[in-house]
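Contents: one structure, followed by commentary.
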Amino acid sequence: MDSEPLVHELSSPGRRGVRPPLPQFQAVDPADALPASEIRADLRLPEVSEIDVMRHFLRLSHRNHSVDTAMYPLGSCTMKYNPKVNEVTARTPGLADIHPYQAEDTVQGALALIFELEALLAEITGFSAVSTQPSAGSQGELVGLLAILAWHESRGQTRTQVLVPDSAHGTNPATGSMSGLQVVNLPTAADGGIDLRDLDERLGPNAAALMLTLPSTLGLFERRIQQVVERVHASGALVYCDGANMNAMLGRVRPADLGIDVMHLNLHKTFSTPHGGGGPGAGALGVQPFLEAFLPGPRVVRRGGGYALADVSDDSIGRVHAHLGNFGNLVRAYTYIRSLGAAGLRAAADGAVLNANYLRARLADDYDLPYDRPCMHEVVFAGTRQRRQGVRTLDIAKRLIDFGIHPPTIYFPTIVDEALMIEPTETESRESLDRFVEVMRQIAREAATEPDTLKAAPVNAPVRRLDEATANRRPDVRLASEFGG
Amino acid sequence: MYPDDLRYTREHEWVRAAGRPWIVGITHYAQEELGDVVYVELPSVGAHFAAGDEFGVVESVKAVSALYLPVDGEIVEVNPQLEAQPELINDEPYGQGWMVKVAPSGEGELDDLLDAAAYRRLVNELRA
């Protein structure tokens with residue numbers, strides 16, 4: 001495939017798109033208004049027509065991979081299809097064309113939506129209160145840990161450690177460090193769960209919390225969850241749950257019922273709002289009643305016959321996001337929950353778990369399974385058999401691109417050698433799962449018989465294998481100098 | 001691949017204790033498992049660590065991994081070349097890819113480390 005030129009390379013002197021009318025006001029001479037150092041004689045903007053721009057960006061978009069194009073089994077990211085009805089509601093003028101600082105009586109619908117969404121998320125998780133202010137899972141984690149620390153402090157306790165199993169999301173230890181805590185690693189037991197004796201050894205008067213990813217990044221539910229929660233509470237610490245994998249449990253498990261104290265939800269995973277590419281996320285945070293006072297504010301409350309923004313108590317950790325979170329994503333998540341209903345959400349979780357186990361069973365003869373037991377919403381294989389044939393997991397991932405499938409997460413969790421972390425989600429059909437299985441089996445055959453094919457992959461993509469090492473070691477993101485870079 | 005004059009940890013660091021200070025880096029096996037190293041974060045000169053403490057971080061295109069100091073001691077020098085040329089860790093793990101020089105607190109700890117034969121056995125087990 002030809003490479004797409006930079007839009008600057010399409011430039012032709014004097015060519016332009018829209019010609020706006022001449023201004024009706026008196027032009028200001030820049031020299032009168034700005035210091036000379038701020039005035040440039042030459043601004044090298046591309047000169048292109050509207051159709052040049054349209055075709056350039058549309059061609060680029062065709063080279064993009066999205067779940068709207070093909071399967072995207074990126075483990076732990078839950079790249080499920082985002083129903084387009086979400087976009088319809090998010091574009092409703094009364095929700096899209098409002099300003100965060102409008103008078104409350106003119107945005108009652110938006111406030112009602114936040115209030116109702118928080119109530120729905122509370123019902124789904126069992127927590128007594130939910131804040132939709134955090135704008136990402138990682139921010140939800142930070143807010144959760146800060147709330148836990150504020151609670152300890154309110155009881156006159158200073159605790160300096162957070163326990164994190166090595167099967168947790170990578171953000172968990174990072175959040176611990178960001179919160180000023182010492183991160184204590186909990187090694188995973190042979191069955192993929194937490195070793196209770198190990199937990200006992202590390203719990204002590206300094207432990208503020210256990211941060212548990214449930215189900216874990218091995219795609220496994222913690223079967224000893226009740227004993228874990230009891231032990232953590234007995235030591236005076238709290239249990240934080242990374243709820244990024246809630247898609248596996250909707251309608252089946254309410255984390256608050258397990259005794260978990262705080263949990264974030266990734267609305268952009270479980271509740272089908274768009275994510276990826278660094279776009280806005282939403283990391284709603286649920287807490288048990290004794291932690292409500294520590295949630296960020298302001299909070300939406302019922303007042304009179306309507307809704308209002310209420311300041312929070314002095315115990316609150318304060319505001320963590322401008323305005324009220326990523327409101328557009330809240331609208332989409334609300335739409336998803338309301339359009340599926342309770343039965344639909346439960347069916348989504350059941351389908352996610354069934355699909356992952358279908359792949360686990362059908363690929364078990366071709367790839368190693370380090371933790372060979374029924375999984376939840378994702379399954380972790382190891383490319384160890386293929387490594388002995390001279391092929392690395394990276395090569396397997398690159399080869400998938402040739403078949404139009406987005407590679408799964410690789411080399412994570414780090415406790416699995418040559419990990420392939422596959423999350424098909426509930427939105428893939430039996431037929432598309434079967435095609436994935438056929439492709440993965442073909443790749444396994446190629447690893448055994450023609451490993452060089454895998455090492456050369458991808459060959460059918462817009463670009464071949466990129467030199468990631470040089471890109472990282474000597475990054476150069478300037479435009480070529482001839483375009484003014 | 002695993003020089004006889006070095007001592008090794010189960011976490012894949014090596015120590016060269018021919019003279020003072022001792023020199024520390026990561027093994028051939030470690031650099032191969034990491035893949036292309038793109039960044040290494042090393043401690044400040046003067047920092048003290050106990051044996052087994054995390055003294056830095058190495059980042060490759062694949063993963064970010066902690067570096068553990070094999071012995072008690074004080075950092076007296078860090079490899080200044082690694083900031084601009086982290087690929088030295090892949091190219092010459094026992095030469096120009098060294099990481100830190102340590103003034104050890106004692107001598108006895110070397111006995112707790114693996115010799116080359118024992119480390120080779122460990123790598124063979126991991127590769128099996």
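A note on names: the letters A, B, ... follow the listed sequences, proteins ahead of strands, and every chain is numbered from 1. Keep in mind that this is a model prediction, so the values were computed, not measured.
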Please assess L186(A) against L199(A) for the test side chain to side chain contact (heavy atoms under 4.5 Å, CB included), listing each intermediate value before the final yes or no. CA-CA 7 Å; L186(A) 279 181; L199(A) 177 67; 3.8 Å; yes

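A donor-acceptor pair under 3.5 Å is absent between the side-chain atoms of N266(A) and the main chain of K269(A), judged by distance alone.
Closest non-hydrogen pair, P73(A) versus I405(A), comes out as CD-CG2, 4.0 Å. Between L218(A) and P413(A), the closest heavy-atom pair is CD2-CG, 3.7 Å. Nearest approach of A244(A) to T78(A), heavy atoms of both residues: O-OG1, 4.3 Å.
Scanning for salt bridge (Lys or Arg N to Asp or Glu O under 4.0 Å) contacts around D366(A) gives R441(A), with sequence neighbours left out.
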Enumerate the inter-chain donor-acceptor pairs under 3.5 Å for chain A and chain B, one line per pair.
from    : atom 1 : to     : atom 2 : distance (Å)
R473(A) : NE     : V37(B) : O      : 2.6
R473(A) : NH2    : V37(B) : O      : 2.8
R473(A) : NH2    : N90(B) : OD1    : 3.1
R474(A) : NH1    : A84(B) : O      : 3.2
R474(A) : NH2    : E87(B) : OE2    : 2.6

